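Here the structure comes first, spelled out in structure tokens, and everything after it is commentary.
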Amino acid sequence: MKGVLAVYYREIVNFKNRWLKVWSASIIYPILFLLAFGYGIGREAKVAGVGYVRFLIPGLIAISSMNQAYGVSLEVHISRYYYRLFDEYLIAPIARWEIVVGEMLYGITKGLVPTAVLLGYSLVSKLGYNVTPSFFMFLLLHLCCFSLLGFIVAMVVRSHADQAAFSTFVMTPMLFLSDTFYPIEKMPFFVRPLGYISPLTYSTKLIRASLLGYEVSKAYSVMLVVITLLLFWGALWVARRAEG
Amino acid sequence: MSEIEVVDLKKNFGNIEALKGISFSVGRGETLALLGPNGAGKTTTIKILTGLILKYEGRVFYRGRLFYPYDRRIKSLIGMVPQHNNLDKELTVYQNLKLHGLLFGLSGKDLEIRIDAVLDMAGMREHKARKADYLSGGMKRRLVIARALLHEPEILFLDEPTVGLDPAVRRSLWDFVVRLRTEGKTVILTTHYIEEADMLSDRVVIMDRGRIVAEGSPKELKGSLGRFVLEVHTPQGIKEEFFSSREEAIAMAKEFSFPVRVREVNLEDVFLRYTGRRIEV
Ligand SMILES: Nc1ncnc2c1ncn2[C@@H]1O[C@H](COP(=O)(O)OP(=O)(O)OP(=O)(O)O)[C@@H](O)[C@H]1O
Ligand SMILES: [Mg+2]
């Protein structure tokens with residue numbers, strides 16, 4: 001457990017050093033999407049039976065918190081290949097899962113920032129969401145998922161260029177194909193399978209359903225839990241094989 | 001029982017044989033130097049001994065107990081100064097130390113006390129709040145050493161502790177290492193500086209190309225050749241002859257018409273004798 005704290009300590013110190021970047025990204029990024037899609041398309045437009053902005057914001061919570069959580073990969077990459085600080089974790093008398101959990105907690109912490117910003121916005125503009133425990137549970141799973149993915153990518157992908165490629169070819173398409181800006185059911189049938197292999201689809205649907213007070217799909221919840229467990233297992237696997 | 005026992009260690013990186021089966025042991029409180037040129041396998045040995053390399057052949061025992069890379073009990077006894085400084089450059093001196101302390105299970109008041117103690121030892125108290133990135137090279141090195149001592153390890157690995165530092169800083173780090181020795185710590189250091197191995201260690205293991213070529217106290221190793229060397233600077237290069245006294249060497253020197261020099265034997269001569277090459281090229 002002490003290892004978790006140590007890893008988390010390091011990340012939080014860096015997080016504090018970069019608070020301005022994290023906060024401004026957490027504010028600007030969703031605002032851009034909100035302007036471009038939400039208000040651009042118009043307040044009157046209805047999607048899946050709700051006003052578009054009301055539909056969109058849960059999607060924005062999902063993607064902007066995903067970006068922050070996935071950003072763990074940059075931190076891990078710097079510590080591993082740039083500073084070689086990761087060797088300190090490897091020689092320390094801590095278990096490898098403690099490293100994984102420490103980084104995951106950091107991803108969750110970062111992901112909460114844009115979530116807070118967007119929930120604040122929705123409160124001010126009286127969008128009438130239900131912020132329930134089940135919303136937080138889905139959000140938590142969602143953040144675990146993407147911080148673990150960030151960790152795995154940082155450990156497996158050595159070069160900075162390949163990391164960027166992963167962002168371009170996996171993360172960015174996922175952002176658009178995962179029920180975030182419009183329902184996946186509206187997509188052409190041949191891209192739909194891509195949506196269904198994206199973990200973001202499930203977390204977005206669950207986050208949105210809980211915020212709008214709709215019934216949440218059991219199948220999707222199970223899917224999200226399974227994906228999170230698989231990613232945790234994967235993160236543990238790469239951490240256990242890490243050498244200095 | 002020896003503190004560390006290394007048995008027939010082998011390690012390949014692809015088709016590079018970094019270690020070709022090395023065995024040695026280190027006694028408690030002893031300072032052992034692994035001396036060898038670039039690529040000898042010194043760092044690889046240290047990485048295996050500290051759990052940074054997971055796959056290798058051979059066995060390592062600490063105090064008679066078989067070591068495996070996830071062994072937390074043994075790892076808490078170990079301190080490590082890697083060849084390349086691995087500080088978090090964005091953290092301050094204090095934060096770097098605190099991170100290490102937390103990783104090794106220290107916290108609260110105990111941790112603060114230890115941080116101040118190692119800062120004093122390294123003479124860096126006034127730099128406590130400085131960003132690690134802004135320290136000079138010598139100070140970064142001192143911080144890395146101080147960090148390795150934070151959790152009061154009984155066994156300390158120093159991988160090229162003074163590489164790339166100017167002579168004055170190097171000398172001050174030597175004093176530091178000598179002090180560790182008087183505190184009874186077991187120290188394993190690697191170096192390719194012959195004076196460093198000679199001055200600091202009780203025993204030297206000379207490595208070359210993944211093998212151990214000679215082993216003994218600096219005195220034994222040098223004594224095995226003689227005490228004095230006569231260098232004869234012939235047009236074909238330097239020829240060396242060994243003698244047990246200065247007088248004998250000088251007497252022999254008179255036989256040559258080439259320029260000559262008489263000096264004490266050093267570990268470089270030992271290396272040359274066993275490998276046919278020099279360490280520092
Ligand atoms: N991660 C690695 N991948 C491939 N080859 C490696 C790796 N680490 C070490 N080697 C090779 O193994 C051999 C031994 O390297 P090692 O770093 O142990 O030598 P060293 O004695 O520490 O040398 P130096 O004085 O340069 O630090 C070298 O040929 C090196 O190129
Ligand atoms: Mg080395």
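Note that the coordinates shown come from a computational prediction; the quantities given were computed from them, not determined experimentally. Heavy-atom basis, side chains included; hydrogens, waters and symmetry copies ignored. The chains referred to below are lettered A, B, ... by the order of the sequence lines, with proteins before strands, and numbering in each begins at 1.
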Go through A:Ile91 and B:Ile78 one step at a time and tell me if the side chain to side chain contact (heavy atoms under 4.5 Å, CB included) criterion holds. CA-CA 8 Å; A:Ile91 62 160; B:Ile78 295 176; over 6 Å; no

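- For the set B:Leu99, B:Thr50, B:Asp88, the entry with the most heavy-atom pairs within less than 4.5 Å of chain A is B:Asp88.
- Other residues, nucleotides and ligands contribute only 12 or fewer heavy atoms inside 6.0 Å of the NZ atom of A:Lys21.
- The side-chain heavy atoms of B:Leu103 and A:Ile94, taken from C-beta on, include a pair separated by under 4.5 Å.
- With a 4.5 angstrom heavy-atom cutoff, A:Asp87 touches chain B via backbone and side-chain atoms both.
- Annotation: A:Arg158, atom CZ; neighbour count of heavy atoms from other residues, nucleotides and ligands within 6.0 Å does not exceed 12.
- The greatest number of non-hydrogen atom pairs below 4.5 Å with chain A, out of B:Ser107, B:Ser76, B:Pro69, B:Gly51, is found for B:Ser76.
- Looking at B:Lys47, only its side chain comes within 4.5 Å of chain A, counting heavy atoms on both sides.
- Shown here for A:Ala92 and B:Phe104, the closest heavy-atom pair between the two residues is CA-CZ, 3.7 Å.
- Of the atoms belonging to A:Ala242, it is backbone heavy atoms, and not side-chain ones, that fall under 4.5 Å from chain B.
- Residue B:Tyr134 places its OH atom among 12 or fewer non-hydrogen atoms of other residues, nucleotides or ligands, all under 6.0 Å distant.
- With a 4.5 angstrom heavy-atom cutoff, B:Asp71 does not touch chain A via any of its atoms.
- More than 12 heavy atoms of other residues, nucleotides or ligands sit less than 6.0 Å from atom OH of A:Tyr81.
- Classification of B:Arg147 and A:Glu88 as a salt-bridged pair holds, one side-chain N sitting under 4.0 Å from a carboxylate O.
- Judged purely by atom type and a 3.5 angstrom limit, B:Lys98 has no side-chain atom pairing as donor or acceptor with the backbone of A:Ala6.
- When heavy atoms are compared at a cutoff of 4.5 Å, B:Tyr70 approaches chain A solely by way of its side chain, counted from C-beta outward.
- No side-chain donor-acceptor contact under 3.5 Å links A:Tyr9 and B:Gln95.
- Put simply, the side chain of B:Asn86 never gets that close to the backbone of A:Leu85: no donor and acceptor are under 3.5 Å apart.
- Between the side chain of A:Glu243 and the backbone N or O of B:Leu54 there is at least one donor-acceptor pair closer than 3.5 Å.
- Summarising the local packing, CZ of B:Arg59 is surrounded by 12 or fewer heavy atoms from other residues, nucleotides or ligands at distances under 6.0 Å.
- The distance from the CG atom of B:Leu91 to the CZ atom of A:Arg10 is 7.0 Å, given to the nearest 0.5 Å.
- Contact annotation for A:Arg240: both backbone and side-chain heavy atoms come within less than 4.5 Å of a heavy atom of chain B.
- We find that A:Glu98 and B:Arg72 are joined by a salt bridge, their nearest charged nitrogen and carboxylate oxygen being less than 4.0 Å apart.
- Rounding to the nearest 0.5 Å gives a distance of 9.0 Å between CZ of A:Arg84 and CG of B:Leu52.
- Interatomic distance, B:Glu90 CD to A:Lys16 NZ, rounded to the nearest 0.5 Å: 15.0 Å.
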